[in-house]
Amino acid sequence: MGSMRGLSKVRVALMLVIGALVLGGLSTAASGALTLTAPGVGGAPTADSASCKAGFKPARIGGKFKCLKSGQPCAKRYQQAYRRYGFTCVSGHLKKRASPPASSPPPTPPPAPTPPPLPTPPAQPGHYKGLTSQLTNFEFDVTADGNFVTHLVTGQINEGCSPGGSLYGGDLNFGSATIPIAADGSFTIDDSYESKVDEDPATGHLTIIGRLSPGTATGTLSDTVSFTHDGTQFSCGSGLQTWTAPRTG
């Protein structure tokens, strides 16, 4: 029984000591003197913050409350703590840390230029076929891109001559040769050539002018021929013929 009483006394004594520590801790915390912050680590300022004058920064450095200001002496070993409050220790004195410049957003790239619209072809592709004012054939094709006349063919071209007589011929075929079409839908053939009238050498000049519009084409045709036969100079011409050629496909 003696040993049991001794153990009870020890337990009571321990409980009293623990109670004293707890009460002491509560009492100390209430006074504001107790801190759980490890030395050298910045924490939230306590009620002592109110004691800092205007222009000073309340801080906890090395476990102690400080009022920081640029120019104060400092210890390099507390550099990490100073940084938490916006300072740095340089050559033994505090300096305000420069705030990093705010990163500006990358400039907005200019909008991509609107691509220009595709040019409208000057003429509608397809085959055009009609008659001249002499009621002879006139036909041609417009290439798929609408930019050229090709496969132009005419029928007979009748010409009166001076000092007399007449010529008939023509039946021109330009094959796969291409004639450019201008932006306004017009095209022109203006060509001098050499040929024969029977066995007599001759020179000629052919002019064909056309203009295309949706669904049809119109224009003019003229041809002149000069030659000498049995010592007589002849000049022949078709005059200005007109032609119309609707688009047939």
Side-chain angles (χ1 to χ4, degrees), residues 110-249:
T114 303
L118 295 175
T120 303
Q124 185 179 8
H127 186 69
Y128 293 74
K129 181 178 176 65
L131 296 173
T132 69
S133 54
Q134 292 184 347
L135 301 180
T136 60
N137 185 49
F138 193 94
E139 61 184 297
F140 59 87
D141 292 326
V142 173
T143 56
D145 60 7
N147 290 318
F148 297 93
V149 166
T150 188
H151 302 125
L152 191 148
V153 175
T154 74
Q156 181 172 294
I157 300 175
N158 302 310
E159 302 184 21
C161 300
S162 176
S166 62
L167 289 179
Y168 59 91
D171 297 313
L172 304 176
N173 188 332
F174 286 80
S176 59
T178 55
I179 302 99
I181 303 171
D184 63 358
S186 64
F187 66 92
T188 300
I189 299 171
D190 192 11
D191 191 27
S192 296
Y193 61 89
E194 295 181 354
S195 64
K196 284 186 176 183
V197 175
D198 291 332
E199 296 301 319
D200 300 319
T203 59
H205 191 91
L206 173 70
T207 302
I208 297 176
I209 298 175
R211 183 180 294 274
L212 291 116
S213 56
T216 191
T218 57
T220 60
L221 177 154
S222 65
D223 185 64
T224 60
V225 178
S226 298
F227 65 96
T228 300
H229 179 68
D230 291 338
T232 302
Q233 178 73 37
F234 288 87
S235 296
C236 308
S238 66
L240 190 64
Q241 301 180 32
T242 59
W243 56 266
T244 301
R247 182 175 179 272
T248 59

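Numbers here are sequence positions counted from 1. This is a predicted model, so every value here is computed, not measured.
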field: Shortest non-hydrogen contact between Leu172 and Ile157, atoms and distance
entry: CD1-CD1, 4.1 Å
task: Drop me the distance from Leu152's CG to Glu139's CD, to the nearest 0.5 angstrom.
output: 8.5 Å
- request: Hey, could you give me the OG/NE2 distance between Ser176 and His151, rounded to the nearest 0.5 Å?
  value: 5.5 Å
message: Please find the pair of heavy atoms, one from Tyr193 and one from Asp223, that lie closest to each other, and give the distance.
response: OH-OD1, 2.8 Å
Phe227 vs Asp198 side-chain heavy atoms within contact, under 4.5 Å: no
message: Does any part of the side chain of Tyr128, heavy atoms only, come nearer than 4.5 Å to the side chain of Arg247, both counted from C-beta?
response: yes
message: Restricting to salt bridge (Lys or Arg N to Asp or Glu O under 4.0 Å), what partner residues turn up for Asp190, sequence neighbours left out?
response: none
Check: Gly175 main-chain N/O paired with Asn173 side-chain donor or acceptor under 3.5 Å: yes
message: I need the minimum non-hydrogen distance between Phe138 and Ala245, along with the two atoms involved.
response: O-CB, 4.1 Å
field: Pairwise distance OG1(Thr132) to CD(Gln156) - rounded to 0.5 angstrom
entry: 10.0 Å
statement: Heavy atoms of Gln233 and Pro163 approach each other most closely as O-CD, 3.4 Å
- line: Rounded to the nearest 0.5 angstrom, the OG1-CD distance for Thr220 and Gln241 is 9.5 Å
task: For residues Pro122 and Asn147, determine if any side-chain heavy atom of one lies less than 4.5 Å from a side-chain heavy atom of the other.
output: yes
- prompt: Are any side-chain N or O atoms of Thr150 and backbone N or O atoms of Ala177, one a donor and one an acceptor, separated by less than 3.5 Å?
  reply: yes
- line: Nearest heavy-atom contact between Pro180 and Phe187 is O-CB, 3.5 Å
- line: Between the CD1 atom in Ile189 and the CZ atom in Phe174, the distance rounded to the nearest 0.5 Å is 4.0 Å
task: Please answer whether the main-chain N or O of Thr242 pairs with a side-chain N or O of Ser133 as donor and acceptor at a distance below 3.5 Å.
output: yes
- prompt: Any side-chain heavy-atom pair from Asp184 and Arg211 closer than 4.5 angstrom?
  reply: yes
task: Measure the spacing between CD1 of Ile208 and OG1 of Thr188 and express it to the nearest 0.5 Å.
output: 10.0 Å
- prompt: Where does the angle between the aromatic ring planes of Phe234 and His229 fall among parallel (under 30°), tilted (30 to 60°) and perpendicular (over 60°)?
  reply: tilted
query: Which atom names give the shortest non-hydrogen contact between Ala123 and Ile181, and what distance separates them?
result: CB-CD1, 3.8 Å
message: Which residue in the set Thr248, Asp141, Asn137 passes side-chain hydrogen bond (donor to acceptor under 3.5 Å, both in side chains) when paired with Lys129?
response: Asn137
